[in-house]
*Asks:* 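Before I ask anything, here is the structure I am working with.
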Amino acid sequence: MFGFSWRELKPAHKRQISLLAMMVAFISIGVVAFSILNNQTAKSKSKSQLLDKNNGAPQNGVIATISMAAVDLANAQFKLHLTFQPVGNFSMGIDDLLNRPSQPVSIVFGSKIISFQAGVPMQSQDIAISLNSADTNMYPFDKFSSDLVLAGFTDVNIPSSAIKLGVNFQAGLQGWTFQPDFAEQPNSLSSICKISVSRSITTMFFSIFIVIGMWILSLSAFTLAFTLWFRNRKVEPPTIGLVASLLFALPAIRNSQPGVPTVGATVDLAGFMWNMFLVLTAAVMLIWNYIVKYTKEKSSPMLGPKIV
């Protein structure tokens, strides 16, 4: 199949090929394992903050668990999913599985106030918070952040009714990693949490891989056309079709990057636009090579019977 037999190779060549195969296998396994572990680590990352500044879970108060539900860049928003659990004197009892508070509770998340009545289950909530900026020009190295005010009260209209609030962040959004950072407000019963979100390492690696692959394809097509033109080599129509098909394949390859914005980002200036230019130039060179340098092959004259 490859024009040689394994048995015909010299021992030194066999060792070199075996070593190369082992290196490729180890690198491939390492890349796959790293991607899986990084993805699982990003999903299981969590950070807790006790707004009452005590160690351990609050004895009397509410624990809020926040998970990232979506990153809506079109509307410049984070979408968060919230669940609540009353503890201590705020719980109906350790056997209460409905998470019913023993007294009214109001939780402040950003500009939204979520109120719960005593004895009524604390239903999970979905809220949206605005981003400080939603510039995707630096994809896949773009970063986003938002500031979230956190506080808890038994009566939101009475500042002195502040309660102890525990906050637990859990990641669970594919393709993103986020880092919450808390900043205490001096002389205030609330805290500000800055949520920073960036693309996952897997997304960045795959995007870079796609960009490199498009450069290899476009440079290969241009080199082929350049070689056939200046070496006066024959151009076959299937060759023109192969290169021209890349004009339709490259946009699809470019759009296979996870979460890629519309054309015009920095990543396109680094690759896609130049790749399309190279492939288009290569296709034009092949077409004109075929038109200008094509000569019809002369058919061989029929040989008559040989007379002895």
Side-chain angles (χ1 to χ4, degrees), residues 45-134 144-173 178-197:
K45 183 185 296 183
S46 65
K47 182 172 183 178
S48 299
Q49 175 75 5
L50 304 176
L51 302 186
D52 60 339
K53 304 181 180 64
N54 291 332
N55 295 324
Q59 299 297 319
N60 302 300
V62 175
I63 298 177
T65 301
I66 305 175
S67 59
M68 186 73 66
V71 179
D72 186 2
L73 298 179
N75 296 316
Q77 290 180 339
F78 289 153
K79 294 184 178 180
L80 305 178
H81 182 73
L82 314 175
T83 58
F84 306 93
Q85 179 186 3
V87 294
N89 294 337
F90 283 82
S91 174
M92 298 291 289
I94 59 175
D95 297 329
D96 181 29
L97 302 179
L98 300 179
N99 293 330
R100 295 176 298 177
S102 60
Q103 53 186 300
V105 174
S106 295
I107 308 296
V108 178
F109 278 92
S111 59
K112 186 173 182 179
I113 301 176
I114 306 173
S115 299
F116 301 97
Q117 299 298 323
V120 179
M122 303 179 74
Q123 301 290 342
S124 59
Q125 303 285 327
D126 292 312
I127 65 172
I129 58 175
S130 299
L131 298 176
N132 294 336
S133 64
F144 312 96
S145 63
S146 181
D147 297 325
L148 181 64
V149 178
L150 304 173
F153 303 89
T154 55
D155 188 341
V156 73
N157 296 317
I158 304 177
S160 61
S161 66
I163 65 173
K164 300 176 181 179
L165 181 65
V167 181
N168 182 43
F169 280 87
Q170 293 182 346
L173 189 60
F178 76 98
Q179 178 63 41
D181 293 314
F182 293 91
E184 299 293 340
Q185 292 291 95
N187 302 321
S188 175
L189 299 175
S190 62
S191 292
I192 292 182
C193 176
K194 182 176 182 180
I195 303 177
S196 301
V197 178

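Computed from heavy atoms alone, side chains included, the values below leave out hydrogens, waters and symmetry copies.
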*Asks:* So, taking the atom named OG in S115 and the one named CE in M122, what distance separates them when rounded to the nearest 0.5 Å?
*Replies:* 10.0 Å
*Asks:* Do side-chain atoms of D72 reach the backbone of Q77 as a donor and acceptor pair under 3.5 angstrom?
*Replies:* no
*Asks:* Roughly how far, to the nearest 0.5 Å, is the CD atom of Q123 from the CD1 atom of I114?
*Replies:* 12.0 Å
*Asks:* Show, in sequence, the C-alpha distance, side-chain angles and deciding distance for F178 and F169, and conclude whether the side chain to side chain contact (heavy atoms under 4.5 Å, CB included) test is met.
*Replies:* CA-CA 9 Å; F178 76 98; F169 280 87; 3.8 Å; yes
*Asks:* Rounded to the nearest 0.5 Å, what's the gap from SG on C193 to CG on L150? Could you check?
*Replies:* 6.0 Å
*Asks:* Taking side-chain contact (heavy atoms from CB on, under 4.5 Å) as the criterion, tell me which of V105, N99, I63 meets it with P86.
*Replies:* N99
*Asks:* So how far is it from L80 CG to I127 CD1, rounded to the nearest 0.5 Å?
*Replies:* 5.0 Å
*Asks:* Would Q125 and I107 count as a side chain to side chain contact (heavy atoms under 4.5 Å, CB included) here? Give the steps.
*Replies:* CA-CA 11 Å; Q125 303 285 327; I107 308 296; over 6 Å; no
*Asks:* Pair F109, L148 - check side chain to side chain contact (heavy atoms under 4.5 Å, CB included), show working.
*Replies:* CA-CA 6 Å; F109 278 92; L148 181 64; 4.0 Å; yes
*Asks:* For N132, give me all partners under side-chain contact (heavy atoms from CB on, under 4.5 Å), at least two apart in sequence or on another chain.
*Replies:* S145, D147
*Asks:* With sequence neighbours excluded, what pairs up with T154 under the side-chain contact (heavy atoms from CB on, under 4.5 Å) test?
*Replies:* F90, Q103, S161, I163
*Asks:* Check step by step if side chain to side chain donor-acceptor pair (under 3.5 Å) holds for S124 and T83.
*Replies:* CA-CA 5 Å; S124 59; T83 58; over 6 Å; no
*Asks:* Hey, does V62 have a side-chain heavy atom less than 4.5 Å from the side chain of F116?
*Replies:* no
*Asks:* Which atoms form the tightest heavy-atom contact between R100 and M92, and what is the distance?
*Replies:* O-CG, 3.0 Å
*Asks:* About how many Å separate CZ of F84 and CD1 of I66, when rounded to the nearest 0.5 Å?
*Replies:* 8.0 Å
